[in-house]
Structure formats: C-alpha cells, structure tokens
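Please read the structure below before turning to the comments.
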Amino acid sequence: MPTSPKPPNPRRGARPSSPPPGRGRPHARPEKPAPDRTTPDVAADGLPNVQLLRRGVERWQAGHPWIYRADLNGDPALAGGEVVRVTDHRGWFIGKAFYSKHSKISLRWLTYDDVPVDADFFRQRLQAADELRRRALPGESTYRVVHGEADGIPGLVVDRYGDYLSAQFLVPATEQRKALLVDLLQEQFRPRGIVNRSDVGVRNLEGLTPEKGLLRGELSGPVTFHEGLVRMSADLLEGQKTGAFLDQRENHVMAAHYAHGEALDCFSYVGGFALQLATQAKSVTAIEISESAAAQLRQNAAANKLGNLDVVVANAFDFLRDAVDEGRRFDTIVLDPPSFAKNKDAIAAAVRGYKEINLRAMQLLRPGGILISASCTYHVDEQAFEDMLASAAADARRRVQIIERRGAGRDHPVLLNLRETRYLKCFVLRVL
Ligand code: SAH
C-alpha cells in the first residue's frame with residue numbers, strides 16, 4: 001500500500017514556474033467550478049490564463065494533446081483563437097495552448113514550456129517539420145509539409161506539390177494567424193503559389209465558415225507531380241482535399257509491385273492506384289463516381305501513355321455486386337473508399353459498408369489474387385478493420401493471408417497520444 005499520494009507526473013521535466021510537487025493529501029471534496037467570467041484573467045506576460053479541472057490535468061498527465069470544454073474550470077471570457085497560459089487545478093503553469101471558443105475541443109497544446117509563442121516559435125516548428133520530410137523522403141518535392149498536431153502546429157495542414165503549397169487553416173488560432181503562417185511558408189519554401197483549401201466542414205465546428213482561394217503568387221490550371229514513375233496531375237483549387245490524396249502516395253507506388261493480370265481499382269479519384277496498377281497489369285478497370293475526377297483520371301492515363309486503363313463512371317458498390325453476379329474475375333483489386341463514418345454513431349454502418357465491398361472483392365479474385373484494402377475512417381481502428389476483413393474472408397470461404405499492414409506515408413507522422421492522427425489503414429492481402 002502506498003503511504004503517500006502520488007506526486008504529479010514528473011516526466012515533463014522541471015517547469016520554472018512550478019513549485020516542487022505538493023505532498024498534501026488528494027482533494028477529498030469535489031472541486032467547485034469557477035463562475036463564468038466576463039473579463040479574462042490575464043497573466044503578467046499579457047496572455048490569458050485558463051485553468052483546468054482535475055480531470056483536465058489528468059488528461060494532460062496522460063499526454064493527450066487536447067483538453068475538452070468540460071475539463072476547464074469555468075468558461076473563459078475569451079473570443080477564441082488566443083494563445084493561452086494553462087494552469088492546473090492548483091494554479092501552476094503547465095503549458096501554452098490554442099484556445100477555441102466554439103469547438104468541444106477547447107485547448108490544443110503548443111508547448112509544455114514557458115516560452116514565447118511568436119513568429120520564431122512557428123518558424124522553428126515549420127523547420128522541424130521540413131527536416132523530417134528531407135530525412136524521410138530525400139529528393140521528393142511532393143509531400144505533406146505540416147500534419148497539424150503531429151507537427152506541433154494544431155489546426156494547420158500544408159501539402160506541397162512541387163512549386164505550390166496547398167494549406168488548410170482549421171481552427172480560429174491558425175485562421176487568425178494566417179498572414180503570419182503564410183509569410184513563414186513563403187520564406188521557407190519560396191513557392192510560386194499558395195492555395196487556401198479551408199473549404200472543409202470541420203471549420204463549422206469551430207465557428208468558421210469554409211473558404212478557398214489563392215493566398216499568394218499565381219496558379220494556372222492543374223499542377224503536375226510524380227509518384228514513382230507515374231506523372232500525376234491534380235487541380236489544387238477544385239480537386240478533393242488539398243488537390244490529391246498524398247497520404248496514399250507510398251501505397252500507390254507499393255501497389256505496382258503487387259499488380260498483375262486483370263486489375264480493378266474502386267474509388268479511383270484521379271488514379272493514384274489505377275495508374276500504378278496499369279504500369280504492371282494486363283488491364284485495369286477504374287471505378288469512380290465523380291465525372292470530373294474520372295475526366296482527370298483519363299487525362300492522367302493519356303499523359304502516361306497507359307492505354308490499358310478503362311475508366312468507368314459508376315457507384316463502386318453497384319459495380320462490385322454486378323461483377324459478382326456476372327461471374328467476373330480479377331487478379332488484383334484495390335479498394336480505397338472515402339470515409340464511411342464521420343462520428344462514433346456511424347461505426348456499425350461503416351463496418352457493414354467495408355465488409356460488403358471487401359467480401360465481394362474476395363469473391364471476385366482468382367486464387368493467388370491480391371487485395372489492397374484501405375480505410376481512412378479513424379473511428380474504425382486497425383483492429384476493427386482487421387476483424388472486418390477476417391469476417392469477410394470467412395463469409396467468402398476464402399483463405400486470406402496478410403502480406404502488409406500499412407498506414408499513411410512517412411510525411412503523415414502519427415502522434416503517439418493522439419489516435420486521430422493514425423487514421424489510414426492499408427492492408428495488402430493475398431486471397432488463396
Ligand atoms: N484512391 C484515391 C483516393 C480515393 S478518395 C487515391 O488513392 O488517390 C475516394 C473517391 O471515391 C473519391 O474520388 C470519390 O469521388 C469516390 N467515390 C465516393 N463514393 C463512391 C462510390 N460509391 N463509388 C465510386 N466512387 C466513389
């Protein structure tokens with residue numbers, strides 16, 4: 001039996017403004033939340049103070065990079081978008097964070113140290129992010145430059161497509177610092193143009209409206225970039241996401257190693273997988289529901305002189321069902337659907353959707369066929385996805401081997417304490 005209460009977690013090192021760990025007994029009475037304030041509580045350095053309840057402190061001790069509204073001590077009198085000083089339930093400094101007024105996620109940690117959060121702070125974070133890409137992907141010029149929390153700048157996503165950057169400002173704090181962040185990006189990467197692709201629904205949760213447009217420089221028409229030997233083209237202003245799905249880049253190139261015979265790529269977008277398959281397989285059928293994506297895919301196929309690729313504008317669910325009914329067979333199949341669940345309530349339906357397409361794909365594969373099956377739904381984690389694959393294999397009465405368990409590329413680092421940054425699963429299976 002321990003004789004004294006556990007001291008505060010010391011693993012974050014000494015903090016200058018913290019007194020030594022207290023030795024008093026744990027609070028016996030529940031904390032009384034502070035009344036909602038009408039004027040902000042401001043620290044000596046001019047930053048507003050925000051105090052956590054004990055449960056918020058526990059989340060901080062567990063290393064989670066967010067604090068929810070219910071774990072704040074009262075409702076701070078702040079407009080949102082501020083950098084705030086965060087104190088624990090005893091009033092000791094424990095870090096600095098971005099504050100959001102409208103979101104359920106109130107605080108996103110920036111640092112656990114009492115350092116200024118100024119232009120230099122963000123410059124260093126951008127440099128550290130860039131350094132990882134230079135080490136992990138030497139010689140590449142298309143990759144995710146900043147992956148939000150995982151790169152230490154919550155609410156900022158930046159993708160680089162050669163001479164162009166495409167950025168998303170997802171929280172009030174990054175929206176309000178857009179001019180500074182764009183200046184820093186310009187200084188570091190000297191791009192010909194910077195595009196704003198903040199036309200995403202999550203901005204509504206933050207009290208921001210979706211926006212897009214050119215922020216700096218010029219951009220005329222689609223940009224081209226390479227994935228392995230394949231030349232791709234994407235429209236940064238009108239395309240999906242920031243223009244393309246860079247998280248799958250390394251998986252696209254990997255797919256070429258397995259591709260053979262008659263191949264099928266479902267949910268193709270502009271052909272990230274389909275074009276790679278076409279460099280190796282005898283023929284490729286690409287299924288995409290969006291006319292404009294399918295048109296871009298055809299152009300990408302022509303630019304790569306890949307005449308063995310047939311693009312079909314169709315619903316992949318219908319195509320797969322009909323193909324099974326017609327007794328068709330393939331040797332390589334890729335499934336890379338959009339997210340099927342935007343929240344926890346939709347998980348069961350999402351898993352049913354995944355099972356339907358994976359079961360049909362297994363039925364369609366000749367013995368020894370390869371199934372590359374991806375999911376970008378973070379509410380369905382890797383174990384749930386693997387369980388779904390096992391259940392599909394059982395129903396299909398096929399013996400299925402796992403050859404690779406993959407995720408997003410190395411330019412999408414995963415933050416150990418934030419599962420949400422580990423959203424992409426990509427399994428390579430052999431169906432016997
Ligand atoms: N595989 C692509 C990315 C796919 S994103 C890549 O690696 O680059 C998902 C794509 O599926 C989008 O282009 C979307 O338009 C398409 N889509 C969504 N629902 C669909 C459906 N029911 N059938 C076919 N395509 C669909």
Side-chain angles (χ1 to χ4, degrees), residues 12-13 63-66 95-98 108-113 115 117-171 173-174 177 180-191 194-195 197 223 225-228 232 234 236 241-254 272 374 376 378 382 404-426:
R12 295 185 195 285
H64 195 279
W66 297 339
K96 292 186 177 181
F98 279 155
R108 292 175 165 86
W109 294 108
L110 290 162
T111 171
Y112 303 121
D113 298 318
V115 294
V117 178
D118 52 11
D120 261 342
F121 177 91
F122 293 111
R123 185 180 285 117
Q124 282 168 21
R125 293 277 158 110
L126 289 178
Q127 283 167 355
D130 189 34
E131 193 195 322
L132 167 70
R133 280 69 183 176
R134 285 171 193 269
R135 277 187 204 285
L137 306 163
E140 286 283 356
S141 64
T142 297
Y143 47 79
R144 175 151 295 185
V145 180
V146 182
H147 192 39
E149 276 81 352
D151 281 305
I153 311 185
L156 179 69
V157 168
V158 184
D159 285 344
R160 176 177 176 201
Y161 295 85
D163 291 337
Y164 298 89
L165 298 180
S166 185
Q168 296 180 319
F169 302 88
L170 302 173
V171 298
T174 51
R177 287 165 186 75
L180 167 68
L181 293 167
V182 168
D183 280 350
L184 294 173
L185 289 168
Q186 187 70 39
E187 173 187 306
Q188 188 156 340
F189 296 98
R190 310 230 164 264
I194 304 181
V195 172
R197 286 305 306 268
V223 299
F225 57 97
H226 279 85
E227 288 190 346
M232 297 286 293
L236 302 195
K241 293 272 174 110
T242 64
F245 293 85
L246 299 188
D247 51 358
Q248 290 281 31
R249 263 170 78 77
E250 295 188 28
N251 295 331
H252 293 159
V253 176
M254 165 279 296
C376 60
Y378 78 76
E382 184 172 290
E404 293 192 44
R405 279 191 188 85
R406 302 174 59 107
R410 289 164 289 170
D411 51 342
H412 291 61
V414 171
L415 199 56
L416 259 180
N417 291 300
L418 186 63
R419 294 164 53 109
E420 285 83 346
T421 51
R422 184 154 175 268
Y423 62 100
L424 187 68
K425 285 77 60 188
C426 183

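The structure displayed is predicted, hence computed values, not measured ones.
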> Atom CG in L185, atom CZ in R160: separation rounded to 0.5 Å?
Replying inline: 11.5 Å
>> Which heavy atom of G243 sits nearest to which heavy atom of A234, and what is that distance?
In response: O-CB, 3.4 Å
> How many angstroms lie between OG1 in T421 and NE2 in H412, if you round to the nearest 0.5 Å?
Replying inline: 11.0 Å
>> Nearest 0.5 angstrom please: N251 CG to L424 CG, how far?
In response: 6.5 Å
> Is there a side chain to side chain contact (heavy atoms under 4.5 Å, CB included) between R123 and Q127 once you walk through the steps?
Replying inline: CA-CA 6 Å; R123 185 180 285 117; Q127 283 167 355; 3.7 Å; yes
>> Which residues pass the salt bridge (Lys or Arg N to Asp or Glu O under 4.0 Å) test with R422, not counting sequence neighbours?
In response: E382
> What closest approach, in Å, do P413 and H147 show between heavy atoms, and which atom pair accounts for it?
Replying inline: O-CD2, 3.1 Å
>> According to ring pair (Phe, Tyr, Trp, His ring centres under 6.0 Å), who are the partners of F225, at least two apart in sequence or on a separate chain?
In response: Y161
>> For L416, give me all partners under side chain to side chain contact (heavy atoms under 4.5 Å, CB included), at least two apart in sequence or on another chain.
In response: none
>> Could you measure the distance from the CD atom of E149 to the CG atom of L110? Nearest 0.5 Å is fine.
In response: 9.5 Å
> Listed by chain and number, what are the ring pair (Phe, Tyr, Trp, His ring centres under 6.0 Å) partners of F245, not counting sequence neighbours?
Replying inline: Y269
>> Checking R249 now: which residues fulfil salt bridge (Lys or Arg N to Asp or Glu O under 4.0 Å) with it, not counting sequence neighbours?
In response: E140, E227
> Any salt bridge between D130 and R133, counting N to O under 4.0 Å?
Replying inline: no
> Yes or no on side chain to side chain contact (heavy atoms under 4.5 Å, CB included) for L418 and W66, after CA distance, side-chain angles and deciding distance?
Replying inline: CA-CA 9 Å; L418 186 63; W66 297 339; 3.9 Å; yes
>> For a 4.5 angstrom cut-off between non-hydrogen side-chain atoms, does E250 reach L137?
In response: yes
> How close do L415 and P65 get, heavy atom to heavy atom, and via which atoms?
Replying inline: CD2-CG, 3.9 Å
> Are I194 and F189 close enough that some pair of their side-chain heavy atoms sits under 4.5 Å apart?
Replying inline: no
>> Please report the interatomic distance SG(C376) to NZ(K425), rounded to the nearest 0.5 Å.
In response: 7.5 Å
>> Can you tell me how far apart CD (Q188) and CD (Q186) are? Round to the nearest 0.5 Å.
In response: 11.5 Å
>> R144 and salt bridge (Lys or Arg N to Asp or Glu O under 4.0 Å): which single residue from D159, D411, D151 fits?
In response: D159
>> Tell me every residue that passes side chain to side chain donor-acceptor pair (under 3.5 Å) with W109, counting only those two or more places apart in sequence or in another chain.
In response: none
> Do the side chain of T174 and the main chain of G155 share a donor and acceptor less than 3.5 angstrom apart?
Replying inline: yes
